[in-house]
Amino acid sequence: MPVQVQCDAMKLSQKQLEILIYLAATHERDPRAEVPLQELEHELGLNHEEARAAVVDLVGAGLAQADLFPVNVWAQITDEGLAICRRVAEGGPA
């Protein structure tokens with residue numbers, strides 16, 4: 001059964017939440033790091049369309065920022081996205 005988490009900005013799907021958590025983990029290692037879409041696809045087992053659509057939705061909700069070029073997409077978590085990840089990690093609502 002798909003998991004959905006409600007946050008202030010939107011209802012996060014399982015794929016969106018997985019991407020957000022991955023971006024947060026990358027941020028922990030290097031706060032300036034940007035993650036290429038191909039890495040999200042590979043590491044999270046997503047196809048290109050799923051990954052791009054999820055990133056676009058996260059950007060629209062202010063939870064991530066990205067360079068949404070036609071071929072290359074680079075994503076990075078925002079402070080709002082980090083706050084949601086922290087709340088989810090603590091077992092609270094997003």
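Computation of the quantities below employed the complete heavy-atom set of this structure, encompassing side-chain atoms and omitting hydrogens, waters and symmetry-equivalent molecules. Numbering starts at 1 and runs along the sequence shown.
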message = Would L46 and I19 count as a side-chain contact (heavy atoms from CB on, under 4.5 Å) here? Give the steps.
response = CA-CA 10 Å; L46 303 171; I19 289 172; 3.8 Å; yes
query = For Q38, does its backbone N or O pair with a side-chain atom of E43 as donor and acceptor, under 3.5 Å?
reply = no
remark   = Taken to the nearest 0.5 Å, the spacing of E39 CD from L23 CG works out to 9.0 Å
query = How about D57 and Q16: does a side-chain donor come under 3.5 Å of a side-chain acceptor?
reply = yes
query = Can any side-chain N or O of E50 pair as donor or acceptor with the backbone N or O of N47 at less than 3.5 Å?
reply = yes
Distance (rounded to the nearest 0.5 Å) between L20 CG and S13 OG = 10.5 Å
task = Dump the intermediate steps for side-chain contact (heavy atoms from CB on, under 4.5 Å) on N72 and L37, then the final yes or no.
result = CA-CA 7 Å; N72 295 319; L37 191 65; over 6 Å; no
ask   = To the nearest 0.5 Å, how far apart are CD in E34 and CG in D67?
value = 5.5 Å
key: Distance (rounded to the nearest 0.5 Å) between E28 CD and C85 SG   = 9.5 Å
D30 CG: over 12 foreign heavy atoms closer than 6.0 Å = yes
key: Min side-chain heavy-atom separation R52-L68 under 4.5 Å   = yes
query = How many angstroms lie between atom CD1 of I84 and atom CG of L63, to the nearest 0.5 angstrom?
reply = 4.0 Å
message = Is any side-chain heavy atom of L44 closer than 4.5 Å to one of K15?
response = no
ask   = Without hydrogens or angle criteria, can the side chains of H48 and E41 be said to hold a donor-acceptor pair below 3.5 Å?
value = yes
inquiry  = Quick check: is W74 connected to L58 through a chain of hydrophobic side chains (ILVMFWY, heavy atoms under 4.5 Å apart)?
reply    = no
